[in-house]
**Q** 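Got a structure for you, written out below as structure tokens; questions coming shortly.
Hydrogens, waters and symmetry mates are skipped; everything else that's a heavy atom, side chains included, is used. Just so we're clear, the structure is a prediction, and the values are computed from it rather than from any experiment.
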Amino acid sequence: MIDLNCDAGEGFGIYNFGADELIFKYVTSVNIACGFHAGDPDTIKKTVDMAVKNNLSIGAHPSFPDLLGFGRREMNLSYDEIKNYVLYQIGALNAFVKISGHMTHVKPHGSLYNMAFKDTKIARAIVDAVKAFDSNLIIVGLPKSALVMYALEQGLKVALEGFADRAYNDDGTLVSRNVKGAVLEDANEIAQRALRMVKEGVINTLCVHSDTPNAPMIVMKIRETFDRFGVEVKGLGN
């Protein structure tokens, strides 16, 4: 059994980014941008409504305050700044979620996520913000990351995440998007890779990025492969 998640609501104003409407038919959880790397009130509301309609588990996708860089630039911020930024973004999403559903998880975005693999200050700030807001929320992170380890120390639930469409470094971190081959695009290759990751049993949630080229075909192929090999998909918190 596995959760299949995607990052969503990553447009801004008149600009659309990703194929959320098509992808939502196949995933079981979504991580919704909260305004710091993408997303605005209208986009957030629209994405939440679409997630509720598709009966998906909803999570916050907070980032560094980096709208121009889509949250993919590293930033040197204090513990308090990071904690408050994460808390602010969770609250922004929850304002819309509480109308018609409930939030199940928090998954940091971009450089905030990647830096929390080793940086204990960032990991602590994220976890402490989530715990202060709602200790029942699940924190999504890479296996063996500082983020996951500190969350477990604090008694929070975690979901260990794998990436079907991204290349990995030897230490378990993701290859930088600036490196050629960091993002995989072949749907059949990604589906088989996803199946292997599930069979290894190390992860319990699998991400496909909505902005990956041909993302709807990729996630559809993954679901077809899972169905064929008897892998059940189930949203976080269910």
**Q** Is there a donor-acceptor contact under 3.5 Å linking the side chains of N5 and S29?
**A**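 Looking only at side-chain atoms, S29 and N5 do not form any donor-acceptor pair under 3.5 Å.
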
**Q** Under the rule for salt bridge (Lys or Arg N to Asp or Glu O under 4.0 Å), what residues qualify as partners of D186, not counting sequence neighbours?
**A**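 D186 satisfies salt bridge (Lys or Arg N to Asp or Glu O under 4.0 Å) with no residue once adjacent residues are dropped.
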
**Q** Run the ring pair (Phe, Tyr, Trp, His ring centres under 6.0 Å) test against F96 and tell me which residues pass, sequence neighbours left out.
**A**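 Expected list: none.
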
**Q** According to ring pair (Phe, Tyr, Trp, His ring centres under 6.0 Å), who are the partners of H37, at least two apart in sequence or on a separate chain?
**A**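 H37: ring pair (Phe, Tyr, Trp, His ring centres under 6.0 Å) contacts with H61, F70, H109.
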
**Q** With a cut-off of 6.0 Å (strictly less than), are more than 12 heavy atoms of other residues, nucleotides or ligands near CE of M50?
**A**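 For M50, atom CE is crowded (more than 12 foreign heavy atoms under 6.0 Å).
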
**Q** Do H105 and L137 come within less than 4.5 Å of each other through their side chains, counting heavy atoms only?
**A**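 Counting from C-beta outward, H105 and L137 never come under 4.5 Å.
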
**Q** What is the minimum heavy-atom distance between A129 and V86, and which atoms define it?
**A**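 A129 and V86 have their closest heavy atoms at CB-CG1, 3.8 Å.
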
**Q** Would S57 and N238 count as a side chain to side chain contact (heavy atoms under 4.5 Å, CB included) if you check the C-alpha gap in whole Å, the side-chain angles of each, and the deciding distance to 0.1 Å?
**A** CA-CA 8 Å; S57 296; N238 293 327; 3.5 Å; yes

**Q** Scan residues 40-49 for pairs that pass salt bridge (charged side-chain N to carboxylate O under 4.0 Å, His left out), counting only residues two or more places apart or in two chains.
**A**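 Qualifying pairs, neighbours excluded: K45-D49.
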
**Q** Side-chain contact test, heavy atoms from C-beta onward, threshold under 4.5 Å: evaluate it for N204 versus D3 and give yes or no.
**A**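 Sidechains of D3 and N204: no contact.
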
**Q** Do the side chain of T104 and the main chain of G237 share a donor and acceptor less than 3.5 angstrom apart?
**A**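 Not at all, since once roles are kept as given, no pair shorter than 3.5 Å links the two residues.
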
**Q** Would you call L147 and L142 a side-chain contact if the rule is heavy atoms closer than 4.5 Å?
**A**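 No - every pair of side-chain heavy atoms lies 4.5 Å or more apart.
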
**Q** Considering residues at least two apart in sequence or located in another chain, which fulfil the side chain to side chain donor-acceptor pair (under 3.5 Å) criterion with R73?
**A**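 Expected list: D66.
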
**Q** Does CZ in F229 sit with more than 12 non-hydrogen atoms of other residues, nucleotides or ligands closer than 6.0 Å?
**A**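 Yes.
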
**Q** More than 12 non-hydrogen atoms from neighbouring residues, nucleotides or ligands closer than 6.0 Å to CE on M220, yes or no?
**A**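 Enclosed.
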
**Q** Please, which pairs that meet side-chain hydrogen bond (donor to acceptor under 3.5 Å, both in side chains) have at least one residue in residues 114-131, sequence neighbours excluded?
**A**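 Residue pairs with at least one partner in residues 114-131: Y79-D128, K118-D171, D128-Y150, K131-Q154.
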
**Q** Quick one: pull up CD1 in I139 and CG in L160 and give me the separation to the nearest 0.5 Å.
**A**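 Separation between the atoms: 12.0 Å.
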
